[in-house]
Amino acid sequence: MDTRLPVHAAPAWHSLDAQQALDTLHSNPLGLAEGEIASRRQRYGANRLPPPRRRGPLLRLLLQFHNLLLYMMIAAAAVTALLGHWVDTAVILVVVLINALIGFIQEGKAEHALDAIRDMLSLHAMVLRDGERRKIPAEHLVPGDIVALVSGDKVPADLRLLKVKNFLVEEAALTGESLPVEKSIARSAADAVLGDRRCMAYSGTLVSSGQALGLVVATGPATELGRIGSLLQQVQPLTTPLLRQIDGFSRWLSVALLILALVTFALGTLWHGQDPAQTFMMVVALTVAAIPEGLPAIMTVVLALGVQRMARQNAIVRRLPAVETLGSVTLICSDKTGTLTRNEMTVRRLVCADRVIDVSGVGYAPAGGFHLAGAPLQIDRALLDIGRAALLCNDARLEEDAAGIWQLHGAPTEGALATLALKTGLCAQETQAELPRSDTIPFESEHRFMATLHHDHSGHGLIYLKGAPERLLEMCSQQRTADADQPLDADFWRRQVTDLAAHGLRLLAIASRPADAEQRSLSFADVQQGFTLLALFGIIDPPREEAIAAVAECRSAGIAVKMITGDHVETARAIGAQLGIGIGRPALTGAEIELLDERSLRELLPGIEVFARASPEHKLRLVQAMQAGGEVVAMTGDGVNDAPALKRADVGVAMGRKGTEAAKEAAEIVLTDDNFATIAGAVQEGRAIYDNLKKFILFVLPTNGGEALIVIAAILLQLNLPLTPAQVLWINMVTSITLALALAFEPSEQGLMTRPPRPPAEPLLTGFFVWRVLLVSLLMMAGALGLFSWELQHGNSLASARTMAVNTVVMCEMFYLLNSRHIFASVLNREGLLGNPKVLLAIAVCLALQLMFTYAPFMQQVFGSSALGGGEWLRVLLAGLLLFSVAELEKALIRRFHLHPHAGG
Ligand code: ATP
């Protein structure tokens, strides 16, 4: 281990000049040697912030008791103890404990699921080691590493900048300043505050434009971000608007019940003169019966499991409320390239000033040749010139792997050009060595071109320019033929552009001009004019098959799909037509959007599905206009400048592969496969999760309702208590750990994507909900109370009558669980009855527990239950069947008479 390396008393890096900083960390501009890394990692640790401080397990367990219901139950336990009902006291306490434990375990499970998802979004960094660039997990960075940054990156560690080019960083995460700060490499004063240290880039901030090279000076907890710490302490709350609603609802219910219980107690004892001890037990039974204690906890699990399922299907949810919003999305705006198309590009056609050449071969393998009017074409100088330009004005690299497959490192558009160049017989290394690159203006969606400056060995300078043809035509004054350069015939090129684009080809033009030998850097002023247009490339990028299906599926789900692309308008329309987007409708270009005011834009929008040559600002305007028109918009994006539109959209969707960190930060959802079909899948999953939450509430509330009604009826009719508090608690516990949990694993319903989106303002407890809960509660009460009285009337003991009541409630629950698998659809079919094995398992377990409750001597002692005979079980079964049939009948009526918009026909 190198003990000379600084660890504790870190120098003020911003006040050192670049060389001093390198020296202090024993590093150099080519990066550390690979052999050096291990010892540094050992010394400095991983470049990872300690996970946000969570509450310890003990505190989390204790917090489970911090709940109005449990306070009420503990109070009830105390009073039952005072009254000498020791068994009830013990049961209540055990149930309190078990409830807390279940909550604790479920919470842990939910958090675990979300942690695993968070880890899938780990950061990568482009590092220079042994003089070679490679992409590594940001966690593996050590002080002394040299890191390359480009726009859209998140700074992976604290860096002393060594080289910058138009490098702007947004440091809001650290300083609160939202405007990007321009960085330089000159050192700052030792006492400069964080925001003024221009030569530093701090971990967690975002590069908003330009490029830089920096020396890692601090990692993990030693970074400024790590030191502030507080920022990361914020754990994402495990909640969504729906869950908050439910939480509020159950709290409200608890208070209402407490008041109801007190009033009942007062009336019973003071007015009716009943025995306070007995009345108290009734009141306790009522309260524990009616409160849906497990509801919020299990709903959290439903949500977490759903989110985990989405992650498995390549959609990572960064902010939980998005899950609910997804279910109400009415419009999806998607990028084209890579999302709707395959992003596997091949140059098909080459248009020069004097000839149109067809290119054969597919994919990135440099196999294939050139044809002129169907006849093979010999490679000549002009073609080589074009190949050279395509290879040099290019950041992509092609590599043949051991299996002989050509792998692309870089952007597919550039990969296609590199392949074309290799098809002309050029060798990448040799060409790059002959004309080394001195400087670059990288491609950005805003300016739609890229330029590179090269010098040959005799010092001649050359600038290559490639980009969207419309842009390049503005910068060119000449065109090249096989023999000579001529004045530019812009009309000819425009015709060619329209022709290629109408075939759905993606277009790129390439041009060059000489530069001075002394010129070593490129600025925008150097690429304004004077170029010679070499050729036009027509590139195919076929649509994804699954995207075609997904677009159709969205349509049937009442969701409009629009395509917003940076590509040429004709290309966009042609590809759109293949995908079923914008057929027979006009397309709008970015330039046209700029001419429209807000109102006219909003009015035009409904008729337009394809937006071309649109840049990120246009996306923002489009989202705003669509939202103003009442749409709930999901919007995709990948570039740093897409962040505002992603933030503004109801659901921002970032591309996981080609997307920048800036876009991912701004998005609610990240697609790990960049695929449009995944968005449609996520919408479906979002709808399914919401559905499951609703099913869940519809299942749980009638249990509580039924029990409460039983007790209330007994109090009103001055009957013996049909369910003791201990028995009520038993029912609640058994059903919530078996039956209710099985619903959390319910697969999504068929036909989910044929109904319209849920109105975002739709309340949870609609009239229909209240009706269904009441209906089932009443049925349950009727069954249990009926059998309870029947048992007593036939001279059986109170114990066996109560056992009947308990078993009836649970049996009804088991049947109702089957009903609840579909809110409206019938379950009277194979899928409905047997479709979810977890439901069947839960019923089996529940049955076993009930048998234990009824027959085990220990249980009989604790719960006062007693054994039942065959006839009694038959009656219990009939009660369950009755509830099942009525519930199915109700659904059938709703479907038949279209009594609910989601019920179908
Ligand atoms: P999307 O459909 O996702 O918006 P896009 O690729 O169609 O993506 P941009 O990436 O903004 O949109 O590209 C717009 C245009 O810029 C392309 O049609 C092409 O002419 C040009 N272009 C794309 N990539 C490069 C590049 N690497 N270098 C130079 N020009 C490029």
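Order of appearance sets the numbers: ligands from 1, and atoms from 1 within every ligand. As a basis for the values below, the full set of heavy atoms in this structure was taken, side chains included, without hydrogen atoms, waters or symmetry mates.
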**ligand 1 atoms in contact with Arg506 (distance to a heavy atom under 4.0 Å)** = 5 (P), 6 (O), 7 (O), 17 (C), 23 (C)
**Request:** Report the nearest protein non-hydrogen atom to atom 21 (C) of ligand 1: residue, atom name, distance rounded to 0.1 Å.
**Result:** Leu508 CD1, 3.6 Å
**Complete:** atom 8 (O) of ligand 1 has as its nearest protein heavy atom Thr337 OG1, 3.3 Å
**Asked** Which of the atoms in ligand 1, numbered in the order shown and given with their element, are less than 4.0 Å from a heavy-atom of Asp567?
**Response** 7 (O), 18 (O)
**Item:** atom 28 (N) of ligand 1 [closest protein heavy-atom partner, distance rounded to 0.1 Å]
**Value:** Lys466 NZ, 3.2 Å
**From Leu579, Thr339, Val653, residue fulfilling side chain to side chain contact (heavy atoms under 4.5 Å, CB included) relative to Phe676** = Thr339
**Asked** Heavy-atom distance under 4.5 Å between the side chains of Arg318 and Glu668, does that happen here?
**Response** no
**Prompt:** Any idea how His447 and Phe443 line up, ring-wise: parallel (<30°), tilted (30 to 60°), or perpendicular (>60°)?
**Reply:** perpendicular
**Close-contact set for ligand 1 against Glu414 heavy atoms, below 4.0 Å** = 26 (C), 27 (N), 28 (N)
**Message:** Does His124 form a side chain to side chain donor-acceptor pair (under 3.5 Å) with Glu661? I'd like the steps, not just the answer.
**Reply:** CA-CA 9 Å; His124 282 81; Glu661 286 303 320; over 6 Å; no
**Prompt:** Among protein heavy atoms, which sits nearest to atom 14 (C) of ligand 1, and what does the distance come to when rounded to 0.1 Å?
**Reply:** Gly566 O, 3.3 Å
**Request:** Tell me which part of Leu507 gets within contact of ligand 1: side chain, backbone, both or neither, using heavy atoms under 4.0 Å.
**Result:** backbone
**Item:** Close-contact set for ligand 1 against Asp335 heavy atoms, below 4.0 Å
**Value:** 3 (O)
**Under 4.0 Å to a heavy atom of Ser445 - the qualifying atoms of ligand 1, by number** = 11 (O)
**Residue list, salt bridge (charged side-chain N to carboxylate O under 4.0 Å, His left out) with Arg648, at least two apart or on another chain** = none
**Under 4.0 Å to a heavy atom of Lys336 - the qualifying atoms of ligand 1, by number** = 1 (P), 2 (O), 3 (O)
**Request:** Quick one: look up the protein heavy atom nearest atom 31 (C) of ligand 1 and list residue, atom name and how far away it is.
**Result:** Phe443 CE1, 3.1 Å
**Asked** Contact between Arg613 and ligand 1, counting heavy atoms under 4.0 Å?
**Response** yes
**Fill in**
Residue, atom and distance of the protein heavy atom nearest atom 2 (O) of ligand 1 read Thr565 OG1, 2.7 Å
**Message:** Any heavy-atom pair between the side chains of Thr341 and Arg506 that's under 4.5 Å?
**Reply:** no
**Message:** What I want to check is whether the side chains of Asn314 and Thr678 have a donor and an acceptor closer together than 3.5 Å.
**Reply:** no
**Item:** Pairs meeting criterion salt bridge (charged side-chain N to carboxylate O under 4.0 Å, His left out) with involvement of residues 331-340, two or more places apart
**Value:** Asp335-Lys619, Lys336-Asp567
**Prompt:** Within a radius of less than 6.0 Å around CZ of Arg348, do more than 12 heavy atoms belonging to other residues, nucleotides or ligands occur?
**Reply:** no
